[in-house]
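Only one structure is covered here, and it is reproduced in the block below.
Here is the naming used below: chain letters follow the sequence lines, and residue numbers restart at 1 for every chain.
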Amino acid sequence: MIKYSNFEDVYKEAESRNKKLYEICELIEEQNTEMSVKEIRSKVKKNLDAMEAAIKEGLHSKEKSMSGMCGDDCSKLLEMYKKGSKLFSKTYQNVLTYALATVEQNLRMGKIVACPTAGSCGIVPAVIFAIAEALNVDDEIRINALITAGLIGELVSNKIALAGAVAGCQSECGVAAAMASAALVEMYDGSNEQILNAAALTLKNILGLVCDPVAGLVEVPCVKRNAFLAIYAVTGAELAMAGIKSVIPIDEVVDSMQQIGEMMSPRLKESSEAGLATTKTGLQISEALAQKWKSE
Amino acid sequence: MEKTKTLFDVIGPVIIGPSSSHTAGAVRIGYLAGKIFGACPKFVKFRLYNSFAKTGKGHGTDKGLLGGVLGFDVDNSDIKNAFEIANSLNVKYEFEYLEDYNRHPNSVDIILEGENTPKMEISGISVGAGEVKITKINGYKFNIDGDYNTLILIYKDKPGMVYRVTALLQSQNLNIASMHCDRNNKGGEASMGLCIDAAVPEQLLSELGKIDEVYLIRNLKVLKK
């Protein structure tokens with residue numbers, strides 16, 4: 001029986017058994033559900049397949065969302081990259097386009113994996129698939145990576161609900177980025193300590209991010225934020241792989257996220273009553289959509 | 001009780017977007033309502049409240065609810081085409097958009113009418129991350145979230161009814177995880193929602209059906225998650 005309530009417990013458990021964090025996560029899941037480790041891994045593989053399908057479909061679509069606000073940004077990036085990128089590598093391009101492809105599938109009512117939420121669904125798949133391609137790793141490594149990501153999200157969600165309405169976007173896209181950082185370090189075969197440092201560094205630097213979507217829809221600023229935070233997650237992993245440590249341990253970062261979430265005004269928590277949602281342009285869009293939908 | 005989070009709550013579920021609360025949650029409420037109604041309806045009316053009403057069209061809440069009533073799961077790519085599919089099945093539908101801040105931000109009433117099935121009104125809320133609750137059936141309070149096999153009974157309010165039902169469950173060695181009762185008035189009609197740890201066998205349902213004072217029985221299977 002593994003007793004755990006925070007990252008420190010799970011880390012100590014892993015170190016004392018000489019196991020990776022994803023292995024402890026598998027054992028915890030086995031303990032909490034009626035699935036065997038083999039069944040758990042095969043279900044994770046299914047979710048990876050769904051992520052891959054969303055990326056593939058998303059890369060070939062320009063279909064706009066029902067509001068018409070978003071949906072063709074990925075195609076714009078791809079168009080530019082066809083002409084050759086000026087600065088960055090193919091892997092960097094893939095992180096950006098995979099994130100947009102996934103989250104645009106979401107807004108056009110395509111099939112996605114909420115990871116941890118629908119609005120943040122592009123971040124983890126973008127990092128896992130773009131880097132897996134670059135490192136040329138097999139399914140097993142990708143499964144280990146997604147389980148590592150899941151462990152981060154699960155332990156955060158034991159303390160705080162992963163929902164913009166509860167703690168702002170820090171608990172959706174912010175947590176997704178921390179999950180992606182951890183997954184990436186696992187793919188790099190980093191240590192347990194490096195995995196937790198990556199998650200801590202990433203989460204720490206996104207604290208306070210509010211949820212202020214225009215017209216209450218999962219589009220502005222959510223779509224582009226997925227691309228930004230996917231790259232940002234890579235930064236967290238790179239720092240951790242170099243041995244850079246988060247001065248504040250991950251458990252304490254989560255505690256402060258919870259505190260900040262509680263202090264955040266409800267107007268900045270998915271209610272669209274402040275921030276970008278109530279800018280001049282945000283209100284104009286919201287009003288125009290209300291008219292459009294009334295007339296339909 | 002708070003539910004234990006599992007790995008697949010965080011790296012899943014696989015759903016049709018764009019919103020776990022406003023799309024996937026809507027599908028699940030519709031799905032449960034359809035199962036509680038127990039037949040393919042001829043006419044469905046949806047009254048959406050508050051955030052569901054304001055942002056529903058942009059989130060496909062309308063399509064999700066209707067698709068759910070038609071029996072779609074949260075990952076069914078046809079949710080997007082729910083209107084066309086309902087039309088082809090001759091299911092008429094209507095949406096009303098309302099404000100009532102005494103209600104949960106993501107609330108809906110679903111009124112279902114069928115050919116040989118009595119009209120039903122079922123209310124639900126989407127509480128976040130795709131999790132939902134059926135809060136009312138025909139005016140009676142319930143608390144159904146699809147995490148358990150759930151027995152729903154409406155029956156005459158008189159002494160001994162809870163005993164008769166639970167005795168039948170005990171005879172099959174079925175354990176009750178939670179139960180919730182309500183009634184309209186003393187000696188009138190009452191309702192019971194029972195969350196059961198295992199699947200409820202057909203034979204038990206027919207035994208329950210033999211009790212004269214039981215007017216309605218539904219057996220909801222645990223939701224695929």
Roughly how far, to the nearest 0.5 Å, is the OG atom of B:S20 from the CD1 atom of A:I112? 8.0 Å
Taking atom OH of B:Y140 as the centre, report whether more than 12 heavy atoms of other residues, nucleotides or ligands fall under 6.0 Å from it. yes
Rounded to the nearest 0.5 Å, how far does NE2 of B:H59 lie from CG of A:L107? 10.0 Å
Nearest heavy-atom neighbours spanning A:A118 and B:S19: CB-CA, 4.1 Å
Which region of A:A50, side chain (C-beta onward) or backbone (N, CA, C, O), has a non-hydrogen atom less than 4.5 Å from a non-hydrogen atom of chain B, or is it both or neither? side chain
Over 12 foreign heavy atoms within 6.0 Å of NZ, A:K292: yes
Hey, is NZ on A:K159 packed in by over 12 heavy atoms from elsewhere, all under 6.0 Å? yes
More than 12 heavy atoms of other residues, nucleotides or ligands under 6.0 Å from NZ of B:K136: is that the case? no
What part of A:I28 lies closer than 4.5 angstrom to a heavy atom of chain B: side chain, backbone, both or neither? neither
Answer yes or no: is there a side-chain heavy-atom contact under 4.5 Å between B:L7 and A:K43? no
A:Q31 atom CD: more than 12 heavy-atom contacts under 6.0 Å: yes
Please classify the contact between A:M179 and chain B as side chain, backbone, both or neither, with a heavy-atom cut-off of under 4.5 Å. side chain
Top of B:S51, B:G130, B:P13 for chain A proximity - count of heavy-atom pairs under 4.5 angstrom: B:P13
Considering only heavy atoms, which portion of A:V175 lies under 4.5 Å from any heavy atom of chain B: side chain, backbone, both, or neither? neither
Please indicate whether B:Y163 has more than 12 foreign heavy atoms, meaning atoms of other residues, nucleotides or ligands, lying under 6.0 Å from its OH. no
Can you confirm whether B:F8 sits close enough to A:T33 that some side-chain heavy atom of one is under 4.5 Å from a side-chain heavy atom of the other? no
With side chains defined as the heavy atoms from C-beta onward, is the minimum distance between B:K63 and A:M109 less than 4.5 Å? yes
Value for CD (A:E154) from CD1 (B:I11), rounded to nearest 0.5 Å, stands at 9.0 Å
May I ask you to test the A:K111-B:I15 pair for a side-chain heavy-atom distance under 4.5 Å? no
Option in A:A114, A:A161, A:C121, A:C115 with maximal non-hydrogen atom pairs under 4.5 Å from chain B: A:A114
Worked verdict on A:S157 versus B:V10 for side-chain contact (heavy atoms from CB on, under 4.5 Å): CA-CA 8 Å; A:S157 77; B:V10 181; 4.2 Å; yes
To the closest 0.5 Å, what do you measure between OG1 (B:T55) and CD (A:E270)? 9.0 Å
Closest heavy-atom pair and its distance - A:N47, B:G12: ND2-CA, 4.1 Å
Here the gap from B:K57 atom NZ to A:L217 atom CG, rounded to the nearest 0.5 Å, amounts to 13.0 Å
